[in-house]
Protein chains: 2
Amino acid sequence: MTTERKPRKDAARNREAVLAAADALFAREGSPDDVTMADVAAAAGVGKATLFRAFGDRPGLLRALYEARLAPVREAIESGPPPLGPATPPRERVPALLDAVLCFKLDNRRLAVALEESGTNSPYQAAHYQRWHGLLRGVLEQVPGLPDGDFAAHALLAAVRADLVEHLAGRERMPRERMRERLAEFTARVLGTAPGTG
Amino acid sequence: MTTERKPRKDAARNREAVLAAADALFAREGSPDDVTMADVAAAAGVGKATLFRAFGDRPGLLRALYEARLAPVREAIESGPPPLGPATPPRERVPALLDAVLCFKLDNRRLAVALEESGTNSPYQAAHYQRWHGLLRGVLEQVPGLPDGDFAAHALLAAVRADLVEHLAGRERMPRERMRERLAEFTARVLGTAPGTG
DNA sequence: TTGCAAAGCGGACCCCGGGTCCGTATCGTT
DNA sequence: AACGATACGGACCCGGGGTCCGCTTTGCAA
């Protein structure tokens, strides 16, 4: 087993400072890649090496920020009450999950875009995507009449990809509630629960 | 009006050489961004400046390659016979369009990925995306019972995004015909023409 | 054919951002 | 207080996109 030593307290403090600074910068700046690593280091009042030692590389920093923000949502999904929690019947849980993802991306647009475009490789290898996909796929496969949960999960998640959300909400100024509504309609159609279909 | 002068013939020749070289390199290399502009210039037997003069910047080169490959498909869509051409009834044309996009991306995976990730800004501002979306949206809105063609068009196109296609076809080795089938099923569900729904 | 702009060429060069090195400062333990 | 381990920081390196400018080629015209 890999014995995890606990970090020195200045290290921990710096780590927090960096996270806070990065958070603020991404919120403030227009485009994610206008924020350079040197910027973050400077804003945190820290040397570049400290930053890289703490997070490995740029994607590492983004991931850390992302996971921190995502934690409450994960919690709600893994052990919360319906309609997000595991006790929810599949037909209701699927739209709830997608809505949660959408809302999360709406609330963290810049960050989500930065993360998706940061890796040198596709977002589909990212651990958090694999988790979302695995979960959604599992729930979809409990819905009778859905022939292929795997592809459907990918396709539904594609509809809430960060850059699409950013495009619609940011560039096209589509209101939040409208987007949620459209996504719900779309999901319902895929599930075969659409009003017009019956 | 902007008077377009015709280029000198060595310029034209070089332009072709660059396109051919880039094409070959993207096909050969594993990852799109392993191919540098300098590589392309060298492979084409041309100076870097020539390359940049001809195409502006890296995205410009990618776009040129992409448009060239895309031309026959556009042709088939704009003035070809059914099921792609304009004479096709909407309910058949939507899946045909998506299938065409999917096949195109399968045949030009590397290039499509490179293009989507190349721009400093999202792929949703790219002219070719706007065209696909506008077209699909228009067709969708001719289908009765579809409340929102705009979002549905985005969502359906998201299901055939280059990196997803690359992930499924490349990394996960999903066979071509299987992908087409899954996409067709998914599309049918959205359109309300799925076998399980009726 | 030769003259001569203008258009084009090429590769050395610049810029800038991610990532590293290593001498110095801090921590925390004895 | 002292000393090893751990962390700090900013100068530094590297590699890739994009530009500059002195030289070559083209094509028109005399």
Asker: Suppose we call two aromatic rings close when their centres sit under 6.0 Å apart. Are B:Y129 and B:H154 close by that rule?
Answerer: yes
Asker: Would you call A:D39-A:R28 a salt bridge at under 4.0 Å N-O?
Answerer: no
Asker: Strictly below 4.0 Å: does A:R53 bring a side-chain N or O up to OP1 or OP2 of D:dC8?
Answerer: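 Looking at the OP1 and OP2 atoms of D:dC8, one of them is under 4.0 Å from a side-chain N or O of A:R53.
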Asker: For the pair made of NZ in B:K6 and P in C:dG8, what is the distance, rounded to whole Å?
Answerer: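 Taking NZ of B:K6 and P of C:dG8, I get 13 Å after rounding.
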Asker: What nucleic acid atoms does A:R8 come within less than 4.0 Å of, heavy atoms only: base, sugar-phosphate, or nothing?
Answerer: base
Asker: What is the separation between atom CG on B:D39 and atom C1' on D:dG16, rounded to the nearest whole Å?
Answerer: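 Checked: the CG to C1' distance equals 10 Å.
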Asker: Is the shortest heavy-atom distance from the side chain of B:Q142 to the side chain of B:P89 under 4.5 Å?
Answerer: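 SC-SC contact between B:Q142 and B:P89 ruled out.
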Asker: Rounded to the Å, how far apart are B:R13 CZ and D:dT25 P?
Answerer: 11 Å
Asker: Let me know the distance between CZ of A:F52 and P of C:dG19, rounded to the nearest Å.
Answerer: 5 Å
Asker: Whole Å only: how far is the CG atom of B:L62 from the P atom of D:dG17?
Answerer: 10 Å
Asker: Where each residue is assigned the nucleotide of DNA chain D containing its nearest heavy atom, which of A:T50 and B:M37 is assigned the position nearer the 5′ end?
Answerer: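 Of the two residues, A:T50 wins.
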Asker: Would you say that B:F151 contacts A:L168 through its side chain, given a criterion of any heavy-atom pair below 4.5 Å between the two side chains?
Answerer: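 Yes, close enough: below the 4.5 Å cut-off.
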Asker: Quick check on C:dC9: is either OP1 or OP2 less than 4.0 Å from any side-chain nitrogen or oxygen of B:N14?
Answerer: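 For C:dC9, OP1 or OP2 has a side-chain N or O of B:N14 closer than 4.0 Å.
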Asker: Check if the side chain of B:K9 and the base of D:dG27 share a donor-acceptor pair of N or O atoms closer than 3.5 Å.
Answerer: no
Asker: Under the criterion side chain to side chain contact (heavy atoms under 4.5 Å, CB included), which of B:R109, B:E116, B:K105 is the partner of B:D163?
Answerer: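 Of B:R109, B:E116, B:K105, side chain to side chain contact (heavy atoms under 4.5 Å, CB included) with B:D163 is met by B:E116 alone.
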Asker: Report the nucleotide, chosen from C:dG10, C:dG18, C:dG8, that has the shortest atom-to-atom distance to any side-chain atom of B:P7.
Answerer: C:dG8
Asker: Rounded to the nearest Å, what distance is computed from the CZ atom of residue B:F55 to the P atom of nucleotide D:dG18?
Answerer: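 Result: 14 Å.
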Asker: Identify which nucleotide among C:dG19, D:dT19, C:dG17 has an atom closest to any side-chain atom of B:A49, counting heavy atoms from C-beta outward.
Answerer: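 Comparing C:dG19, D:dT19, C:dG17 against the side chain of B:A49, the answer is D:dT19.
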Asker: State whether B:T36 places a side-chain N or O below 4.0 Å from either non-bridging phosphate oxygen (OP1 or OP2) of D:dG15.
Answerer: no
Asker: Heavy atoms under 4.0 Å, any strand shown: does A:D33 hit a base, just sugar-phosphate, or nothing?
Answerer: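 Contact class for A:D33: none.
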Asker: Please report the distance, rounded to the nearest Å, between CG in A:L51 and C1' in D:dG9.
Answerer: 12 Å
Asker: Of A:K48 and B:A12, whose closest DNA chain C nucleotide lies nearer the 5' terminus?
Answerer: B:A12
Asker: Find the distance B:D10:CG to D:dG27:P and express it as a whole number of Å.
Answerer: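 Value for this atom pair: 7 Å.
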